[in-house]
Structures are given as structure tokens and as C-alpha cells.
Amino acid sequence: MEKEDVVIRMFDAFDSIEALTSMINRAYATLDGNDFRLEGADQSVERTRQKIAQGACLVAVLDGALVGTLTVRTGFENPVCAYLAQPNIVCRYQHAVAPEARGRGIGHALMLESERWARELQFDEIVGYTAEGHAWKRAYWQRNGIVEVDRVQWPGDAFFSVVGAKRL
């Protein structure tokens with residue numbers, strides 16, 4: 001399949017929350033080494049439902065199958081760092097691409113769509129976070145104008161994450 005065959009759109013009532021959760025589990029399981037305990041590797045359908053209900057859930061669809069996702073939300077009730085408490089930012093999280101669909105630019109397309117969405121809603125900045133040990137993700141950030149602005153340890157995590165921000 002070609003990259004052009006992938007459709008990026010919002011998750012909707014016709015999509016399967018079970019299929020989305022399964023794809024997230026598979027995607028995160030391949031990243032769950034190096035003593036990380038990434039929630040996505042074994043999160044439940046109910047937890048997926050909670051996460052996407054907090055924001056706008058983008059999905060990538062290839063040949064009718066959900067092969068990628070990224071959720072975008074505004075504000076945090078209890079931000080773990082001061083940077084996430086700022087008023088005019090939007091946060092992207094739960095970014096996943098199915099292992100069999102990697103290498104097609106799907107993850108990048110989801111990132112670009114999240115930025116378009118945030119600009120359309122007139123946000124100043126978009127932020128995200130990743131495990132501090134994910135050097136490949138941090139290198140991607142650097143290549144795409146995302147600057148590391150903070151370091152946090154989420155409740156329940158045994159590792160630190162870095163927060164990256166991009167002006168829109």
C-alpha cells in the first residue's frame with residue numbers, strides 16, 4: 001500500500017473501540033522495553049474510552065483497518081508540571097501506529113493533522129510527552145521543530161518523561 005491510501009480522520013461512532021485498543025496495545029508493546037511500563041501496552045478498552053473522551057481522537061485508516069491514532073486535548077485537571085498548566089496550549093498523547101503499518105509516514109501524518117487541528121482552534125502551542133529513554137522519538141522532535149521544555153515523572157511510572165512543545 002502507498003502512503004496516499006491512508007485516511008486521517010476523527011474516530012467516530014462507526015469505529016470499534018475494541019479494534020482501536022487492540023492496535024494501541026500492539027503498538028505500545030513493541031516500545032515497552034528498557035524497563036518502561038507504558039500504559040498503552042496493556043490498557044483496557046475502558047481506559048481507551050476514557051482517554052479519547054477527554055479530547056479529539058484522530059485515527060489513521062488503511063484498507064478499512066485502524067492503523068494509527070493520536071489524541072489531542074486541551075487542559076489538564078491536575079498537571080504534573082507547570083508547563084502543562086499554561087492556558088493556551090493543547091496536548092497530544094496516545095500516539096500509536098500499528099507495527100505492520102510503520103514506515104509509511106502515518107505517525108508523521110497524525111502529528112501534522114494534530115497541528116492543523118490546534119491551529120484551526122487558535123491555540124498558540126502544541127505539546128506532547130515521551131519516555132526520556134525514547135531517543136528515536138526525541139530525535140524526531142528535534143527534526144520537526146519540537147523543543148524539550150520540561151521533565152516529568154507521571155504518577156505510577158518508574159521512569160521520567162520529557163515534555164516537548166511546538167509553537168503554532
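Position 1 is the first residue of the sequence, and the numbers go up from there.
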Which residues share a side chain to side chain donor-acceptor pair (under 3.5 Å) with N144, sequence neighbours left out: none

All side chain to side chain contact (heavy atoms under 4.5 Å, CB included) counterparts of E46, not counting sequence neighbours: S44, R49, Q50

N/O donor-acceptor pair under 3.5 Å between T21 side chain and I17 backbone: yes

Distance-only polar pair, side chains of Q43 and Q94, donor-acceptor under 3.5 Å: yes

hydrophobic_cluster_shared for L121 and M111, side chain cutoff 4.5 Å: yes

Test side chain to side chain contact (heavy atoms under 4.5 Å, CB included) applied to A56 - qualifying residues, sequence neighbours left out: M10, W117

Donor-acceptor pair, side chain of Y28 and main chain of H95, under 3.5 angstrom: yes

With R119 via side chain to side chain contact (heavy atoms under 4.5 Å, CB included) - residues at least two apart: E115, R116, L168

Test item: R138 side-chain N/O and E132 main-chain N/O as donor-acceptor pair under 3.5 Å: yes

R102 side chain vs A27 backbone, donor-acceptor pair below 3.5 Å: yes

Donor-acceptor side-chain pairing of E125 and Y83 below 3.5 angstrom: yes

Nearest atoms (heavy-atom pairs only) where T69 meets L110: N-CD1, 3.5 Å

Under the side chain to side chain contact (heavy atoms under 4.5 Å, CB included) test, residues paired with V61 that sit two or more places apart: R9, V59, L66

Ring centres under 6.0 angstrom apart (W154, Y129): yes

Under the side chain to side chain donor-acceptor pair (under 3.5 Å) test, residues paired with T71 that sit two or more places apart: none

4.5 Å side-chain heavy-atom contact, V149 and C81: no

